[in-house]
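Computed from a predicted structure; not experimentally measured.
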Amino acid sequence: MTASVPPFHPGSPEEPLGYDPSAVEARWRQRWVDRGTHSVDLTNGARPFYALMMFPYPSAEGLHVGNLFAFTGCDIYARFQRLQGHTVFEPLGYDAFGIHSENFALKVGKHPMELIPSNIRNFRRQLDRAGLMVDWGRSVDTTDASYYKWTQWVFLQLYKQGLAYKKAGAVNWCPSCKTVLANEQVIAGACERCGTMVEQRFLEQWFFKISDYAPRLLTNLDTLDWSATTIQAQRNWIGRSEGAKLRFRVLDPLTDAGSSAVAVTTEMRTAGPEIEVFTTRPDTIFGATYLVLAPEHPLVDTLTTPMQSGVVAEYRARAAKQDLVTRKTNKEKTGEFTGSYAVNPATGEMIPIWIADYVLMEYGTGAIMAVPGHDERDFEFATVFELPIIRVVAGEGQGARTPFDGAAYTGDGVLVNSGAFDGVSVGEGIAKITAWLASKQAGEAVTNYRLHDWCISRQRYWGPPIPIIYCDACGTVPVPEDQLPVVLPNIPDFRPDDSGVSPLARHEEWYRVPCPQCGQKARRETDVSDTFLDSAWYFLRYPSVGRDDVAFDPAVTKKWLPVTTYIGGNEHAVLHLLYSRFITMVLHDAGMLDFEEPFTRFRAHGLIIRDGAKMSKSKGNVVNPDEYIEQWGADAFRTYLMFLGPFEEGGDFRDGGISGVKRFLDRLWATVRDADPAASADPEVQRKLHATIKKVGEDVPSLSYNTAIAAMMEYMNVLRKGERQPARAEVEPLVQLVAPFAPHIAEELWEMMGHGTSVFASRWPAYDPALLESDTIELVVQVGGKTRGKVRVAKDVSQDAALAAAKADSAIGKFITGEPKKVILVPGRLLNVVV
RNA sequence: GCGAGAGUGGCGGAAUUGGUAGACGCGCGGGACUUAGGAUCCCGUGCCGCAAGGCGUGUGGGUUCGAGUCCCACCUUUCGCACCA
């Protein structure tokens, strides 16, 4: 915690008599616990409202302002809903497994099992201090066996449905650290910790078949009340694209090897295999002059001719050695010819088959038909290797022979050099050519998704062991549900080694177990699961915390789920939210949930920045919430965070700004203290009060916290204008409006005004629409579109009367020269006189 | 490159269906109370100008009685995805 001390002025700011935030806040923290204010009756609570926030990773650094910003925003929303008469369930827990904790533990030389509990204690202290309405009786800690028992159970449900399977997948491997790395840990092809160049390894991994759910995950998005940016991100990630799968017949490599002069005709019968490609542009098939397979494509061995086998093997080895990130970033085209040819089903011509790393095994079929005339990447490749480029689409002003000007033409147009399809538009051509090729058994229309299966294996220590046992006789056997949890053993040597498998694989005493089916010697799966699995179902657990016999109780789940409102960061727009939706759908399909979308409403909050940059230790601009809360109180800090800017966009943290919010709370305190209990409300003040109740009541549910606070400040200025003495009736509702933002002081003031129960047991004040308007208004007068002044007139003034009033006003009248050409009256707003 | 968003005072940010641009707060200036003020309270504060007035929402056009808001072109910038065929 260096360089994070904000430049406070020495000495505490002076507070109005009696207002000591730390004393007030301590008192109410205790009362809330004593009175059980935040523990919810899940069985009988009326009008259930599940307010969810994204649970934090309990780091050793402690709570980040970003966390507090998100939690406060959620808490305000939840407290507001409570004042609306809902029974609000606001749980919070800890997402404490994963590579972050593990790496940190390795760095400081402590064991995560010792580190995490102390981090959690510190988090809990900070969270309590912030005044959140959290029901701590129902918290979760993903690293606790009572929780991950059910995470393992979730895995088994997927396994049962055939949605969990094992296959070899590519991972990043650091040969120096001897460990698997996540893509984010690879910086420019090197390991982020030691700088060694990272390689690719193929390891057997467990996957979840989320790709089966791609169409549903996509179409359901239309039914969700979510932030538009989040929906968009999911759409892009799922990446639906329509096109065709086309089959290219391969010429027999043995027959044709080395005889490039052979005349190939469509009549030539060959016994070779077929290559399937995916394309979104089947209309351009007449321009497909070669095929490209991913280096990892299973057909490469069969296709490679003896003459080419040396260079191909070398190229494949190089591609395999390269890490995944660099391969996808490096755009220079490389590749090798396999020596084989295929037949273009449209032209009947012989085209060469290449391999190149710009074709990815994980997308489509791992093979493409290259149309260099109309695809930029293929154009680059064809240029490098001098392959033929044919025009098959002509845009405006182009013809069949228009040369390419150093680039592919990817625009719209009509087909040319395409036999019977010449003159057909691109759009029509896609459908017609697909149908034509389908009639020749050479392909069919398909929809492809970018989303690929979710790899959940981690060759690491700090996670829930995957509940699988391998038996020589019975094969892969799931751990029976009644034998869960598979407890993660406390081992001192949890550092990964060069074996490429989890540290647990070094512990024979742990992984040697009898087969649950036959009793013979067997071994446990030694990989642990991805942290995203822990968080993909935690919201199902909260209401059922304490139940050791089920993951989630059907009755309580039916009452409380799906989540009413989820508020969280858009950094989880894709993975966490998508995985949660997937797991929910799977459990729904298994008949365990009666809904298939877990989060009815989701809102993404913005990011807090400071000095124009994201807060980070390396930039030295991190704010320590403890110091601010100590200095200003949690109420002021909460309100200030919300006042920085629009909640959904984030804000710029400036040290000086909090004083304005604190002053507002001080004035609120003084106003209650000085209020005259007997006086009746001043009509003008009351009008403003009702306008404020309306405004705040509209702004809070739309998360416009900054403008809600501004409105309350504005009201305070009216209330105390010229040091007037306030009437109690004028300030009492304001205390209720402030309550969601600054709950401690609101409780204290509510009590000071003689209420025996919590302000949160009161109901949100109502406003009287009749009080909002007065009989006269200030009408803005423009002359020729320029504002010249304003006149006070009756609310429903006629145009003529308004014009007369404007002329009568000397400051305005002098601009009205001659007879007006046109007069526009916007009732209640303005008058524009055109001269 | 693709997708989504954002450009408004010294600063963070407000602005209903197109209808007083700059709410609210910070900062700054003046005053009151004070031994004192970095506390509190009051008043002021977009820019130019003594004033009348003029000019102002990234740039250039357009629509309109009237544009921060709508349309066209462009510039800058943030975030996400990125050789996705």
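The nearest whole Å value for the distance from the CZ atom in A:Phe647 to the P atom in B:A14 is 14 Å. In this structure, A:His452 places its NE2 atom 13 Å from P of B:C81, rounding to the nearest Å. Rounding to whole angstrom units, CD1 of residue A:Ile231 and C1' of B:G3 are separated by 15 Å. The separation between A:Tyr363 atom OH and B:A82 atom P is 13 Å, rounded to whole Å. To the nearest angstrom, P of B:A85 lies 12 Å from CD1 of A:Ile430. For the pair A:Asp655 CG and B:G27 P, the computed distance is 12 Å after rounding to whole Å. Atom P of nucleotide B:C11 and atom CD1 of A:Ile658 are separated by 22 Å, given to the nearest angstrom. Residue A:Leu221 contributes atom CG, which lies 18 Å from atom P of B:G3 at whole-angstrom precision.
At the heavy-atom level, A:Phe815 lies under 4.0 Å from the strands shown only through sugar-phosphate atoms. Looking at heavy-atom distances under 4.0 Å, A:Arg663 makes contact with sugar-phosphate atoms alone, never a base. Backbone-only engagement by A:Arg788 is indicated by non-hydrogen atom pairs under 4.0 Å involving sugar-phosphate atoms exclusively. At a threshold of 4.0 angstrom between heavy atoms, the contacts of A:Val359 include nucleobase atoms, whether or not backbone atoms are also involved. Looking at heavy-atom distances under 4.0 Å, A:Lys245 makes no contact with the nucleic acid at all. Using a 4.0 Å heavy-atom cutoff across all strands shown, A:Asp652 reaches sugar-phosphate atoms only and no base atom. Nucleic acid contact for A:Leu830: base, since at least one base atom lies under 4.0 Å from a heavy atom of the residue.
In secondary-structure terms, RNA chain B builds stems of at least 3 consecutive Watson-Crick or G-U pairs, each pair having both distances under 3.5 Å, at B:1-7 with B:75-81, B:10-12 with B:24-26, B:27-32 with B:40-45, B:46-48 with B:53-55, B:58-62 with B:70-74.
Separation of the P atoms belonging to B:G66 and B:G44 is 33 Å when rounded to the nearest angstrom. Rounded to whole Å, the separation between the C1' atoms of B:U77 and B:C70 comes to 23 Å. Going from the P atom of B:G30 to that of B:A39 covers 15 Å, rounded to whole Å. Distance check on atom P: B:A15 versus B:U20 gives 13 Å, rounded to whole Å. B:C55 sits 13 Å from B:G68 when the P atoms are compared, rounded to a whole Å. Rounded to whole Å, the C1' atom of B:U40 lies 44 Å from the corresponding atom of B:U17. Taking atom C1' in both B:C26 and B:U59, the straight-line distance is 30 Å, to the nearest Å.
Of all nucleotides listed (B:A85, B:G12, B:U16), B:U16 comes nearest to the side chain of A:Arg829. Taking every side-chain heavy atom of A:Pro646 into account, B:G13 is the closest of B:A85, B:C11, B:G13. Of the candidate nucleotides B:G19, B:C83, B:A85, B:G19 has the atom nearest to the side chain of A:Val826. Between B:U40, B:A85, B:G3, one nucleotide has an atom nearer to the side chain of A:Gln232 than all others, and that is B:G3. Looking at the side chain of A:Trp237, the nearest of the listed nucleotides B:C81, B:A85, B:G3 is B:C81. Among the nucleotides B:C55, B:C65, B:C83, the one closest to any side-chain atom of A:Lys786 is B:C55. Taking the side chain of A:Val780 as heavy atoms from C-beta on, and the options B:A85, B:U20, B:C11, the nearest nucleotide is B:U20. If you check B:A85, B:C83, B:C65 against the side chain of A:Asp375, the one that comes closest is B:A85. With B:C65, B:A4, B:C43 as the candidates, the nucleotide lying closest to the side chain of A:Lys721 is B:C43.
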Task: Trace of the ring pair (Phe, Tyr, Trp, His ring centres under 6.0 Å) decision for A:Phe69 with A:Phe653 - done: CA-CA 11 Å; A:Phe69 175 75; A:Phe653 194 97; over 10 Å; no
Dump the pairs, protein N or O against N or O of nucleotides 60-63 of chain B, anything under 3.5 Å, distances to one decimal.
none

Hey, what are the protein-to-nucleotides 21-24 of chain B N/O distances that come in under 3.5 Å?
| unit_1 | atom_1 | unit_2 | atom_2 | d |
| --- | --- | --- | --- | --- |
| B:A23 | O2' | A:Glu714 | OE1 | 3.0 |

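In this structure, A:Asp222 pairs ionically with A:Arg235, as a charged nitrogen and a carboxylate oxygen lie closer than 4.0 Å. Taking the charged nitrogens against the carboxylate oxygens, A:Arg829 and A:Glu778 have no contact shorter than 4.0 Å, which rules out a salt bridge. A salt bridge is defined here as a Lys NZ or Arg NE, NH1 or NH2 lying under 4.0 Å from an Asp or Glu carboxylate O, and A:Lys688 with A:Glu714 meets this definition.
Below 30°, between 30° and 60°, or above 60°: for A:Trp354 and A:Phe381 the angle between ring planes is above 60°, a perpendicular geometry. Ring planes of A:His374 and A:Tyr409: perpendicular class, angle over 60° (limits at 30 and 60°).
Annotation: side-chain hydrogen bond (donor to acceptor under 3.5 Å, both in side chains) contacts of A:Thr383 (sequence neighbours excluded): none. Every residue two or more places apart in sequence or in another chain that forms a salt bridge (Lys or Arg N to Asp or Glu O under 4.0 Å) with A:Arg240 is listed here: A:Glu242.
Put simply, the side chain of A:Arg667 and the base of B:U40 share no donor and acceptor less than 3.5 Å apart. Put simply, the side chain of A:Lys333 and the base of B:C83 share a donor and an acceptor less than 3.5 Å apart.
Rounded to the nearest 0.5 angstrom, A:Leu607 CG and A:Asn570 CG are separated by 10.0 Å. The OG1 atom of A:Thr671 sits 8.5 Å away from atom CZ of A:Phe664, with the distance rounded to the nearest 0.5 Å. Between the CG atom of A:Leu734 and the CG atom of A:Leu719 there is a distance of 7.0 Å, given to the nearest 0.5 Å.
A cation-pi arrangement, defined by a distance under 6.0 Å to the six-membered ring centre and an angle within 45 degrees of its axis, is present between A:Arg788 and A:Phe815. The cationic group of A:Arg450 lies under 6.0 Å from the six-membered ring centre of A:Trp237 and within 45° of the ring axis, placing it in a cation-pi geometry. In this structure, A:Lys333 forms no cation-pi arrangement with A:Phe385, as its terminal cationic atom is not both closer than 6.0 Å to the ring centre and no more than 45° off the ring axis.
Base orientation of B:G10: anti (glycosidic angle beyond 90° from 0).
Comparing A:Lys790 and A:Lys695, the nucleotide of RNA chain B nearest to each residue sits closer to the 5' end for A:Lys695.
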Check residues 638-645 of chain A and write down every donor-acceptor pair under 3.5 Å in which the side-chain atom is one partner and the other belongs to a residue at least two apart or another chain.
| unit_1 | atom_1 | unit_2 | atom_2 | d |
| --- | --- | --- | --- | --- |
| A:Arg638 | NE | A:Phe741 | O | 2.8 |
| A:Arg638 | NH1 | A:Asp75 | OD2 | 2.9 |
| A:Arg638 | NH1 | A:Ala130 | O | 3.1 |
| A:Arg638 | NH1 | A:Gly131 | O | 3.0 |
| A:Arg638 | NH2 | A:Asp75 | OD2 | 2.8 |
| A:Arg638 | NH2 | A:Pro740 | O | 2.9 |
| A:Thr639 | OG1 | A:Asp635 | O | 2.7 |
| A:Tyr640 | OH | A:Arg654 | N | 3.3 |
| A:Tyr640 | OH | A:Arg654 | O | 2.6 |

